[in-house]
Amino acid sequence: MTDATISAPTRRAIDRIQDSYMVQVRRRRMYGGLTLAIFSLLMVSGFVIADDRNAGGFWDGWRQMLDFPADVVSEAWEKRANLPGLLVKYFPALMETINIAAVSTLIGAMVGLILSLLSTRGLARWPRLIPVFRRLMDILRAVPEIVIALVLIFILGGGPVPAMIAIALHTAGALGKLYSEAAENVDLKPVEGLTSTGANWTQRMWLGVLPQVAPNFLSYTLLRFEINIRASAILGFVGAGGLGFELRNAMAWGPGRFDEAAAIFVLLFGAIVFFDQISSRYRNKLTEGQ
Amino acid sequence: MTDATASLGSAKTLADALFRRKRLTAFAVPAIIVAYLVYIAIAFDVVGLAQRASSKNAVILASDSWSYKTHVTRDNRRGGTTYAIEGERKGAYEDGTRPAWVTGDEDSELVIDLEDGHVVRFLPDNAVAYDVPGFGTIEAQLVDGSLNTNLSEPVPEWINLSDQRMTITTDAGRVTMTRTRTEVFRYFPGWELFWFTLDSPYHNRSFTEIALGDRIDPDRPNISGAMSDFWNNGMWRHKDVAWAIGETILMAFLGTFGAAMIALPLAFVAAKRFSPFGALRFGTRRIFDFVRGVDALIWTVVLARAFGPGPLTGALAILITDSGTFGKIFSEALENVDEKQIEGVASTGAKPLQRYRFGVIPQIVPILLSQILYFLESNTRSATIIGAITGGGIGLMLTQAIQTQKDWEEVAYYIILIVGMVMIMDSFSGWLRGKLIGRKD
């Protein structure tokens with residue numbers, strides 16, 4: 001009955017629309033399938049290459065995967081009486097790792113704050129230099145911490161300071177970018193008001209911009225602190241002091257000292273979870289008000 | 001009226017209290033920060049560090065990273081002189097050839113010109129003469145295993161002298177004399193042998209000569225021969241470096257996308273919206289927290305024991321740590337999806353799986369992709385560090401080059417490559433994000 005009401009030309013038009021729609025759908029499906037195929041090919045061939053170039057194979061490795069943790073746990077359990085003593089013994093190293101993270105976050109945040117304000121459109125002290133400061137932050141962000149840390153260890157000798165400088169530089173770049181993105185959305189009216197009273201650039205930023213962005217900035221900084229605790233533990237492993245350094249020494253001893261490794265694992269795990277929890281609770285509180 | 005005065009008074013006290021508090025925090029926060037920094041300066045022994053810091057190492061690093069030295073070495077026991085770039089066997093001049101700045105005859109007088117008037121002469125019977133402008137000629141000779149010189153105490157600080165060994169370091173170069181050998185270093189700017197080593201026929205040929213000129217090596221076409229000699233350069237090891245960079249990127253790629261593939265289904269289990277079983281949800285979340293909390297460092301150490309050094313270990317360490325992080329992020333994104341789209345799909349009679357596919361996935365894909373791509377860039381940096389620990393990729397080459405404390409130009413080369421790699425990955429992931437999500441960040 002409906003067929004009768006549609007004239008032949010209209011019908012042809014509908015068919016044409018339907019055909020072109022189906023062609024589009026087919027093409028989209030083909031692209032999707034192609035992307036998926038390329039991605040799977042990359043994953044599989046990447047895995048095969050990685051497996052090929054690894055010292056131990058993937059399939060053998062899984063069977064041994066639990067051997068080492070089992071050794072550590074059993075040895076730690078055998079010498080469980082030592083554990084409290086070891087935890088106390090390595091606590092200063094944990095403090096060093098956390099101090100590296102805290103101080104580098106603090107210094108990095110201060111440098112990043114200045115860099116971000118200097119590279120945000122509308123706020124910059126010298127608008128012409130915005131690209132310069134942006135590139136500077138890009139470079140700071142791109143240099144992995146280990147590069148700076150290893151070079152500084154060669155010059156300054158081992159210890160926490162090379163790790164601290166390395167992480168602080170990277171933090172300045174990373175936080176600077178995040179800060180700058182947040183500062184771009186700032187309301188400029190308070191800044192204008194301050195300008196009309198004759199406030200200089202520092203006062204305008206300090207009193208006009210910072211109060212607006214402080215919750216965001218603090219939340220980014222806390223997140224960065226979490227990341228930096230991990231980074232500072234890892235850098236210890238390549239000779240920059242703290243818990244990672246102790247872990248490497250304990251591992252170098254091999255079996256017989258696994259109780260020490262276990263104590264370090266416990267401390268590191270505990271510290272990471274503890275600071276993650278505190279920071280995420282505080283971050284939620286900071287962003288709730290918005 | 002008294003009420004009004006009272007309320008005004010109380011408002012004033014409140015305001016005063018507020019101001020006092022603000023003033024206090026305005027001073028207390030900087031004071032706490034300064035106190036903490038002072039504590040850190042003491043705890044990290046910054047003063048002691050400043051004294052221990054080796055300015056000599058800094059100078060070596062700064063000068064060696066952009067220059068190379070050629071060694072002229074005479075064997076004091078058996079006689080004979082060799083010439084080698086950086087003193088390495090792979091940089092040695094072939095027998096019968098030598099740098100143009102060395103003249104004379106080995107048996108009578110060999111003249112090594114260090115430029116700016118500095119001339120070193122190797123004389124017969126293990127004798128050496130070094131003309132230093134503005135100082136005079138330093139003469140030294142080995143007689144019965146001990147070193148006789150014309151120097152008298154006190155010697156200048158740029159000469160290090162004992163009866164076994166003499167080292168003269170000037171701006172032009174360095175002369176070292178021991179019982180076994182006499183060695184002269186001459187420094188040149190640049191990265192020598194970067195393209196071809198001395199044994200390659202293409203060494204010291206210009207680009208146009210190789211690309212357009214006559215066949216240099218009769219056995220091979222110029223371009224393919226030059227490519228192969230460059231690729232197999234024994235000094236700079238371009239092949240190994242390229243593989244190492246590839247391994248590092250591979251670690252980041254496999255780790256990031258593998259983690260995303262594992263985390264996505266688990267995120268559905270952990271999200272309140274989609275998972276009816278409270279205990280399962282709780283368990284999955286604790287698993288996420290656990291693998292995140294154990295951290296890449298510990299995973300790397302544990303996995304290196306089972307899988308040995310290599311890129312697979314690094315990839316798995318990234319994969320495991322990031323599945324926890326992704327699981328957390330994805331499940332949070334899933335909790336925030338809009339119910340209306342799912343209802344719309346359900347109203348067409350879609351089954352649960354179709355509802356997820358067409359109602360949920362399109363909503364979270366942009367968030368997921370932007371997170372994954374962000375992590376891809378950040379994991380390239382992590383893979384460098386993890387490679388230094390497990391032994392794989394460019395991180396390992398960098399640590400090795402720094403630990404040998406010899407080839408600082410290679411260290412500089414690796415650093416440039418690493419920074420370039422991270423920047424390229426950063427812009428690549430930014431570009432891909434723009435393409436896939438259709439929005440520039």
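All chains are named by letter (A, B, ...) in the order of the sequence lines, taking the proteins before the strands, and each is independently numbered beginning at 1. Keep in mind that the numbers below use all heavy atoms, side chains included, and drop hydrogens, waters and symmetry copies.
Contact of A:Val103 with chain B is made through backbone and side chain together, with heavy-atom distances under 4.5 Å. Using a 4.5 Å cut-off between heavy atoms, A:Ile146 touches chain B through backbone and side chain atoms alike. With a 4.5 Å cut-off on non-hydrogen atoms, A:Val72 does not touch chain B at all. For A:Leu106, the part lying near chain B is the side chain, with the backbone staying farther off; criterion is any non-hydrogen pair under 4.5 Å. Using a 4.5 Å cut-off between heavy atoms, A:Asp52 makes no contact with chain B at all. Residue contact with chain A, scored on non-hydrogen atoms closer than 4.5 Å, involves the side chain of B:Tyr36 exclusively. For A:Ile139, the parts lying near chain B are the backbone and the side chain together; criterion is any non-hydrogen pair under 4.5 Å. At a 4.5 Å heavy-atom cutoff, B:Met421 makes no contact with chain A through either its backbone or its side chain. Residue contact with chain A, scored on non-hydrogen atoms closer than 4.5 Å, involves the backbone and the side chain of B:Phe290 alike. Contacts between A:Phe237 and chain B at a heavy-atom distance below 4.5 Å involve the side chain alone, from C-beta outward. For B:Ile40, the part sitting under 4.5 Å from any heavy atom of chain A is the side chain, from C-beta outward, and nothing else. Residue A:Phe269 touches chain B through both its backbone and its side chain, counting heavy-atom pairs closer than 4.5 Å. Interface remark: A:Arg141 contributes backbone and side-chain atoms alike to the contact with chain B (heavy atom separation under 4.5 Å). Looking at B:Thr399, the atoms closer than 4.5 Å to chain A (heavy atoms on both sides) sit in the backbone and in the side chain alike.
Residues in residues 287-304 of chain B take part in these side chain to side chain donor-acceptor pair (under 3.5 Å) pairs, two or more places apart or across chains: A:Arg230-B:Asp295, A:Asp276-B:Arg292, B:Arg286-B:Asp289.
To the nearest 0.5 Å, atom CD1 of residue B:Ile385 and atom CD1 of residue A:Ile234 are 6.0 Å apart. In this structure, CG on B:Leu297 lies 5.5 Å from CG on A:Leu247, to the nearest 0.5 angstrom. Note that CZ of B:Phe257 is 9.0 Å distant from CG of A:Leu42, once rounded to the nearest 0.5 Å.
Put simply, of B:Ile386, B:Leu398, B:Leu250, the one with the most heavy-atom pairs under 4.5 Å next to chain A is B:Leu250. Contact count versus chain B (heavy atoms, under 4.5 Å) is highest, among A:Val273, A:Val161, A:Ile107, A:Asp67, for A:Val161. For chain A, the option among B:Ala50, B:Gly308, B:Pro311 with the highest count of heavy-atom pairs below 4.5 Å is B:Pro311. Counting heavy-atom pairs closer than 4.5 Å to chain A, the top residue among B:Ile389, B:Thr384, B:Ile33, B:Val294 is B:Ile389. Heavy-atom pairs under 4.5 Å with chain B were tallied for A:Arg248, A:Met251, A:Glu145; the largest tally goes to A:Met251.
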Exercise. Output, in order, the C-alpha distance, side-chain angles, deciding distance and verdict of side-chain contact (heavy atoms from CB on, under 4.5 Å) for A:Val147 and B:Tyr414.
Key: CA-CA 9 Å; A:Val147 170; B:Tyr414 296 154; over 6 Å; no
Practice problem: Please lay out, stage by stage, how A:Phe47 and B:Leu312 fare under the test side-chain contact (heavy atoms from CB on, under 4.5 Å). | Solution: CA-CA 8 Å; A:Phe47 172 79; B:Leu312 184 69; 3.9 Å; yes
Quiz prompt | Test side-chain contact (heavy atoms from CB on, under 4.5 Å) applied to A:Phe68 and B:Leu303, step by step | solution = CA-CA 9 Å; A:Phe68 174 62; B:Leu303 290 166; over 6 Å; no
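In this pair, B:Phe307 and A:Phe58 present their aromatic rings parallel. The plane angle is below 30°, not in the 30 to 60° band.
You'll find the side chain of B:Ile415 reaches within 4.5 Å of the side chain of A:Val151, heavy atoms only.
Scanning all heavy atoms of the two residues, the minimum distance from A:Pro144 to B:Ile418 falls at CG-CG2, 3.5 Å. For the residue pair B:Val302 and A:Met65, the shortest heavy atom distance occurs at CG1-O, 4.3 Å. Nearest heavy atoms, A:Ala50 versus B:Leu254: CB-CD1, 3.8 Å. Taking both residues in full, the closest heavy atoms of A:Met43 and B:Gly258 are given as CE-N, 3.7 Å, listed atom of the first, atom of the second, then distance.
Taking the side chain to side chain contact (heavy atoms under 4.5 Å, CB included) definition, one finds that A:Glu96 meets it with A:Ile100, A:Pro160, B:Phe44, sequence neighbours left out.
Between A:Asp71 and B:Arg305 there is no salt bridge, since no side-chain nitrogen of the basic residue lies less than 4.0 Å from a carboxylate oxygen of the acidic one.
Heavy-atom neighbours of A:Phe274 CZ from other residues, nucleotides or ligands within 6.0 Å: at or below the threshold of 12.
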